[in-house]
Chemist: 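One structure coming up, written as structure tokens, with questions to follow.
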Amino acid sequence: MREVLSQRFFDRPTLRVTRDILGKYLVRRIGKRELAREMRDVEAYIGFKDRASHASRGRTARNQVMFGKPGVWYVYFTYGMHWMLNIVTERKGFPAAILIRGVGGIPGPGRVTKFFKIDRRFNGQPANRRTGLWIEDRGVKVLPRTIRRSARIGVEYAGPWKLKLWRFHLSPQTT
DNA sequence: ACGATGATGAAC
DNA sequence: TTCATCATCGTA
């Protein structure tokens, strides 16, 4: 079984999408080659008020993709050297996205983009085969008990929002 | 524990 | 136009 996730998958409440995306595969086509890794560590950034989210300070040139259609990549540059990969969720007009923080064998959002050769070219592009970067269901069953929830990483500044348990990840030896 | 390294957004 | 900050990582 191998099915490309459609826009419909992402047009749902973000926490549900975030949980469901674990065990799915991030796939990248580079020429004739395909790289694919299981998603194991993801974080939700939800709505206008979430102070950890870029969207909390209103719509800007950088974050406008978060306010757009679901199933679109939001890629931004940070710390002068790292690209961060997110997939937009929920309806147009409501800013939300999921940060891909780690995939199989590759922990860390900066390492994920480096491994998959992802940069600003994907920002605003839909996740599908045509754009060369998409997400597949490969039939992996993720048992609810193998999913861990925690506070998000690197958002100490976010006040009460730093306490939200919006990081979902799989422990190293599960599936 | 800290420096790298540059875009971003808010202040001035 | 300046400046602090930043959804991080590698080295120590």
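Letters A, B, ... mirror the listed sequences (proteins, then strands); counts begin at 1.
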Chemist: Given that L85(A) and R111(A) both sit by DNA chain C, which one's nearest nucleotide is further toward the 5' end?
Modeler: L85(A)
Chemist: Output the rounded distance in Å from CZ (F168(A)) to P (dA7(C)).
Modeler: 20 Å
Chemist: R101(A) has an atom CZ; how far is it from atom C1' of dC9(C), in whole Å?
Modeler: 12 Å
Chemist: Just the dot-bracket of DNA chain B, please: which string comes out with Watson-Crick or G-U pairs under 3.5 Å, [ ] for crossing, | for another strand?
Modeler: ||||.||||||.
Chemist: Can F77(A) be called stacked on dG6(B) when the rule is centres closer than 5.5 Å and an angle between planes below 30°?
Modeler: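 Ring-base stacking flag not set for F77(A) and dG6(B).
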Chemist: State which of dT5(B), dA10(B), dA7(C) makes the closest approach to the side chain of M81(A).
Modeler: dT5(B)
Chemist: Between the base of dA7(B) and the side chain of Y79(A), is there any donor-acceptor pair under 3.5 Å?
Modeler: no
Chemist: Within 45 degrees of the ring normal and closer than 6.0 Å to the centroid, is that where the cationic atom of R28(A) sits relative to F116(A)?
Modeler: no
Chemist: Can you tell me the distance, in whole Å, between the CD1 atom of I100(A) and the P atom of dT8(C)?
Modeler: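 It is 14 Å, rounded to the nearest whole Å.
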Chemist: Looking at R62(A), does any N or O in its side chain come under 4.0 Å of the phosphate oxygens OP1/OP2 on dG9(B)?
Modeler: yes
Chemist: Between K164(A) and D50(A), does any NZ, NE, NH1 or NH2 come within less than 4.0 Å of an OD or OE carboxylate oxygen?
Modeler: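 Answer for the salt bridge query: no.
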Chemist: Whole angstroms only, please: what is the CG-P distance between L163(A) and dA7(C)?
Modeler: 17 Å
Chemist: Can you tell me how far the CZ atom of F168(A) sits from the CG atom of D20(A), to the nearest 0.5 Å?
Modeler: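 The CG atom of D20(A) is 9.5 Å from CZ of F168(A), to the nearest 0.5 Å.
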Chemist: Kindly assign one of parallel, tilted or perpendicular to the pair Y76(A) and H54(A), based on the angle between their ring planes and the thresholds 30° and 60°.
Modeler: perpendicular
Chemist: Check whether any side-chain nitrogen or oxygen of T60(A) sits under 4.0 Å from OP1 or OP2 of dG9(B), and answer yes or no.
Modeler: yes
Chemist: Closest heavy-atom contact between M39(A) and I21(A)?
Modeler: CE-CG1, 3.6 Å
Chemist: Can you check the H82(A) NE2 to dA4(B) C1' distance for me, whole Å?
Modeler: 9 Å
Chemist: May I have the distance from I98(A) (atom CD1) to dA7(C) (atom P), rounded to whole angstrom?
Modeler: 18 Å
Chemist: Using atom CE of M84(A) as one end and atom C1' of dA7(B) as the other, report the distance to the nearest whole Å.
Modeler: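 For the pair M84(A) CE and dA7(B) C1', the rounded distance is 13 Å.
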Chemist: Any idea which of dT8(C), dG10(C), dA7(C) is nearest the M66(A) side chain?
Modeler: dA7(C)
Chemist: Check the distance between dC6(C)'s C1' and W83(A)'s CH2 and give it to me in whole angstrom.
Modeler: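 About 15 Å, once rounded to whole Å.
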Chemist: Quick one: is dA7(C) close enough that its OP1 or OP2 comes under 4.0 Å of any side-chain N or O from R51(A)?
Modeler: no
Chemist: Working to the nearest 0.5 Å, report the span between CD1 of I118(A) and CE of M84(A).
Modeler: 11.0 Å
Chemist: Around R12(A), counting heavy atoms of other residues, nucleotides and ligands shown, do more than 12 lie under 6.0 Å from its CZ?
Modeler: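 Correct, the count exceeds 12.
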Chemist: Has the side chain of H54(A) got a donor or acceptor that lies under 3.5 Å from a partner of the other kind on the base of dA7(C)?
Modeler: yes
